[in-house]
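Heads up, the thing below is written out as structure tokens.
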2 protein chains.
Amino acid sequence: MRIPATERRTALIDAALRVVSRNGIAQATTRAIVAEAGMSLASFHYAFDSRDELIDELITTVVDRERDAVIPDLVPGQDLRDILEAGFLRYLDHLKSDPEHEQAMLELTQYALRSPERHPLAVRQYARYAELAEHSLEVAAAHADVAWSVPVEQVARVLVAFTDGLTLTWLVDRDDAAAQAIARAAADAISRLADTR
Amino acid sequence: MRIPATERRTALIDAALRVVSRNGIAQATTRAIVAEAGMSLASFHYAFDSRDELIDELITTVVDRERDAVIPDLVPGQDLRDILEAGFLRYLDHLKSDPEHEQAMLELTQYALRSPERHPLAVRQYARYAELAEHSLEVAAAHADVAWSVPVEQVARVLVAFTDGLTLTWLVDRDDAAAQAIARAAADAISRLADTR
DNA sequence: GTCTATACACCGATAGAC
DNA sequence: GTCTATCGGTGTATAGAC
């Protein structure tokens with residue numbers, strides 16, 4: 001069957017993400033990826049010059065795709081702290097529903113960190129996270145009728161860092177109660193970076 | 001030269017840690033490790049049954065070795081928040097002085113997370129982190145003459161999570177100012193989990 | 001016990017038939 | 001364009017000389 005190159009590329013990237021999620025990046029060999037995509041090995045090198053090229057595309061694609069910033073249901077009368085905590089808890093639900101995906105994202109970051117040429121991909125990944133966090137923070141502040149007392153980009157970095165810590169801890173311990181305590185503390189900390197308008 | 005098996009094992013583990021730190025766990029092949037240790041390939045399999053066995057030993061060893069909980073210089077009159085912030089900043093200095101080591105620790109965690117048999121190693125690693133954090137938190141609270149209002153083990157989990165987030169963010173962005181802002185927010189959050197005695 | 005030499009599996013990548 | 005077959009290299013692990 002004849003398939004356009006771009007279609008094959010996206011199919012391979014999707015397959016690669018599934019393999020990385022399921023088995024880790026170390027197991028994401030060209031053979032494993034084409035098997036997942038139901039293609040022959042040669043098709044791989046028709047669509048991509050090299051495995052490295054696919055991994056790079058995988059990282060950029062998966063980062064671009066990251067859309068659903070965690071914006072909690074906004075209940076009238078909630079203060080900032082509550083909104084943030086609800087946001088963290090909602091993220092936690094997402095993490096629990098698909099832990100392999102977040103684990104894959106972490107692995108891709110660390111993979112990128114290991115080579116100077118790829119390091120910028122990790123930087124972009126985190127810039128994107130910060131961008132999404134920033135948007136959520138602006139929505140939250142507006143809804144709680146407060147203003148950030150530090151530049152919101154800076155608050156966003158804190159939010160991303162706390163989220164990473166939450167993710168790692170939960171992935172290791174799978175301890176919901178501990179994760180909720182972290183979410184509470186993080187929401188508390190971040191809410192203190194705003195002033196009543 | 002005849003070397004006792006236990007000595008060879010520790011030499012190989014030390015070499016492995018250097019290779020993982022420098023080049024990542026994916027590059028920590030038996031060949032790379034024996035080259036680092038200045039041994040022949042056969043010596044490896046005389047000391048260890050398999051590469052997996054060495055990696056497992058590496059994780060447990062490196063976790064047991066983790067000793068220096070970050071206890072900041074305690075200046076009289078400092079309140080809890082200041083002590084904690086100083087602790088985070090001190091950790092940040094450590095991270096900056098040897099980023100590869102912390103990166104290696106993260107990689108080892110994620111490696112362990114990828115197989116059910118090794119998952120307990122990651123759990124132990126984080127239990128050890130929490131233990132060290134707990135000790136620091138008790139010293140800090142005593143010095144500031146306050147008491148934790150939540151069980152200190154729970155506070156320790158939060159501390160570990162925030163430290164992880166700080167680590168990842170700095171490793172990606174190498175942005176000292178952003179890291180300091182995270183440290184400040186984290187110290188603030190944790191200090192609110194204590195009450196004046 | 002320690003080495004060199006090698007077995008064997010699997011990797012990324014390509015040649016060449018169709 | 002797409003496949004099967006295969007190359008060259010590297011990984012873990014071992015055999016066998018010393």
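Heavy atoms only: backbone and side chains are in, while hydrogens, waters and symmetry mates are out. Every chain is numbered from 1 and lettered A, B, ... according to where its sequence line falls, protein lines coming before strand lines. This is a predicted model, so every value here is computed, not measured.
As a whole-Å value, the separation of A:Ile33 CD1 from C:dC10 P is 17 Å. Rounded to a whole Å, the CG atom of B:Leu54 is 15 Å from the P atom of D:dG11. Atom pair B:Glu53:CD and D:dA13:C1' shows a separation of 13 Å (rounding to whole Å applied). Rounded to whole angstrom, the span from the OH atom of B:Tyr46 across to the P atom of D:dA15 amounts to 16 Å.
Within the 3.5 Å criterion, the main-chain N or O of B:Glu66 finds a donor-acceptor partner in the side chain of B:Arg128. Remark: side-chain polar atoms of A:Ser149 are paired, donor with acceptor, to backbone N or O of A:Leu193 under 3.5 angstrom.
In this structure B:Arg22 satisfies the salt bridge (Lys or Arg N to Asp or Glu O under 4.0 Å) test together with B:Glu36, sequence neighbours excluded. Residues that satisfy the ring-ring contact (aromatic ring centres under 6.0 Å, His included) test with A:His119, not counting sequence neighbours, are absent from this structure.
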| B/S/- contact track for nucleotides 12-18 of chain C, protein heavy atom under 4.0 Å | BBB----
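Sorted by first and then second residue, the salt bridge (charged side-chain N to carboxylate O under 4.0 Å, His left out) pairs involving residues 99-112 of chain A (not counting sequence neighbours) are A:Glu107-B:Arg114. Listed by first then second residue, pairs satisfying salt bridge (charged side-chain N to carboxylate O under 4.0 Å, His left out) with a partner in residues 152-170 of chain B read A:Asp173-B:Arg157, not counting sequence neighbours.
Using a 4.0 Å cutoff on non-hydrogen atoms, the parts of residues 3-23 of chain B near DNA chain C are B:Ile3, B:Arg8, ordered by number.
Within the 4.5 Å cutoff, side-chain heavy atoms of A:Arg9 are placed close to those of A:Glu53.
By the 30° and 60° cut-offs, the orientation of the rings of B:Phe44 relative to B:Phe48 is tilted.
Counting non-hydrogen atoms under 4.0 angstrom, B:Ser40 reaches a base of the nucleic acid.
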